[in-house]
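Here's the structure, in structure tokens; my notes come after.
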Amino acid sequence: MQKNNSKPGKIDTALVVGAGIMGHGFAQLLAMHNIEVFLVDQSDDILARARCWIVDNLDYMIELGKLNTSGKETVLSAINFTTDLVGNLPKADYVLEAVSEDFDLKRDVWMTMGQNAAPGTILASNTSSYDINELAEGLPNPERIIGTHWFHPPQITPCVEVIPSKHADPSNIDLVMEFLTGLGKVPTICKSAPGFVANRIQMALAAEAIALVEEGLATPAEVDSIVKNSFGFRLGAYGPFEIMDQAGADTYLGVYRYLEEKLDKPHFKPPKLLEKQVKAGKLGLKSASGFYVYGPGAVETMRRDRDRKFYARLELVRKEWEQE
Ligand SMILES: NC(=O)c1ccc[n+]([C@@H]2O[C@H](COP(=O)([O-])OP(=O)(O)OC[C@H]3O[C@@H](n4cnc5c(N)ncnc54)[C@H](O)[C@@H]3O)[C@@H](O)[C@H]2O)c1
């Protein structure tokens, strides 16, 4: 990736509050897209650490041939490292809050953002779990409040969950979608509720992985190996509904019924929607209808797409094994 010369959306200047694991990655990505960034944290030491992390990331990009050497200084010169939140807020078109996951702390920062950012500035939070409406409650100009939940490392991982607050103006939602797309991301809108979409799923997965280790059935390394090389291998290409359609809703239902009977854990109770699908004969690819509808020829195309994607991934994974 060379330094991108176009500025996405109508956003020229961004302010990121919190220069930690996520915040430094935001600053790097935004600066790589010619956006002037104010990266704010509480102390010069923390900001110096963030600068070091960005320099390391950029140096590695140069080593990998993804950035010109001249691009590095341009990117770094676009980032203002500062402890002055209040003074810089009025300069930003997009403010992204990325302070620690502590509700009271975030509320304080949000009050400051609401009072000092320009009325038209998009205000966003990178919270992993808090309802955006609770975080932003009572702030002036709520039509500009839109959560954007990114995934680590944010300068690389494509998805951003876009979570409009209940007062968000549709034109601001469009602006944020256009902005994120211009940054090379895959923004996807979801409603504001604790954990949004990704973390509901991710936390459920982690809980069951931990339970397997606690029950002495596998070590963490064994769980990781099984996940990475089984459904984890597929997940980069297909989401859970596409995978259910490929496997068959009836097969899933049978597994749920057995696990519910044997394991006595409420989350293995067969989901009502799945029972309904099976009752309606919507089994997936094998019945040409499932969570998705497959028109004429679509099942064959899907099978070929699946094999092409999986062979490509297998080749990549094998290369990684050789390097390990
Ligand atoms: N780490 C992840 O993988 C990840 C992924 C997605 C979302 N998130 C979310 O992103 C947010 C940040 O997470 P992180 O992992 O970067 O945390 P982090 O602890 O690495 O960084 C948080 C930063 O916020 C700073 N901070 C605290 N109070 C501040 C204040 N009043 N003003 C300015 N800066 C302040 C801290 O000094 C710290 O540098 C959290 O809401 C987290 O849930 C994290």
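Computation of the quantities below employed the complete heavy-atom set of this structure, encompassing side-chain atoms and omitting hydrogens, waters and symmetry-equivalent molecules. We count ligands from 1, going down the list as the structure has it; atoms in each ligand are counted the same way. Throughout, residue positions are numbered sequentially from 1 according to the sequence presented.
Taking a cut-off of under 4.0 Å to the non-hydrogen atoms of I46, the atoms of ligand 1 that pass are 37 (O), 39 (O). Every atom of ligand 1 is numbered from 1 in the order shown, and the set under 4.0 Å from a heavy atom of G20 is 16 (O), 20 (O), 21 (O), 39 (O). Close approach of ligand 1 to H152 is summarised as follows: ligand atoms under 4.0 Å from at least one heavy atom of the residue are 3 (O). Near T127, the atoms of ligand 1 lying under 4.0 angstrom from a non-hydrogen atom of the residue are 41 (O). Residue S128 has at least one heavy-atom neighbour below 4.0 Å for each of these atoms of ligand 1: 6 (C), 7 (C), 8 (N), 9 (C), 42 (C), 43 (O), 44 (C). Each of the atoms 6 (C), 7 (C) of ligand 1 lies under 4.0 Å from some heavy atom of H149.
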Name the atoms and distances for all side-chain donor-acceptor pairs under 3.5 Å in residues 297-312, with sequence neighbours left out.
{"residue": "T301", "atom": "OG1", "partner": "G297", "partner atom": "O", "Å": "2.9"}
{"residue": "D305", "atom": "OD1", "partner": "R308", "partner atom": "NH2", "Å": "3.1"}

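Using a 4.0 Å cut-off between heavy atoms, W150 contacts ligand 1 through its backbone alone, with no side-chain atom that close. Contacts of L85 with ligand 1, taken as heavy-atom pairs under 4.0 Å, are absent altogether. Neither the backbone nor the side chain of D108 comes within 4.0 Å of ligand 1, counting heavy atoms alone.
Between H149 and F196, the ring planes lie tilted relative to each other; the angle falls in the 30° to 60° range.
Less than 4.0 angstrom separates atom 17 (O) of ligand 1 from none of the non-hydrogen atoms of the protein.
Under the 3.5 Å distance criterion, with hydrogens and angles disregarded, no donor-acceptor pair is assigned to the side chains of S287 and Y294. Side-chain polar atoms of S129 and E101 form a donor-acceptor pair below 3.5 angstrom.
Evaluation of the salt bridge (charged side-chain N to carboxylate O under 4.0 Å, His left out) test over residues 70-88, restricted to residues two or more places apart or in two chains, returns D59-K72.
Y94 and F179 have their aromatic ring centers within a separation under 6.0 angstrom.
Proximity of K106 to ligand 1 is established by a heavy-atom distance of less than 4.0 Å.
Considering backbone and side-chain atoms together, M22 places an N or O closer than 3.5 Å to an N or O of ligand 1.
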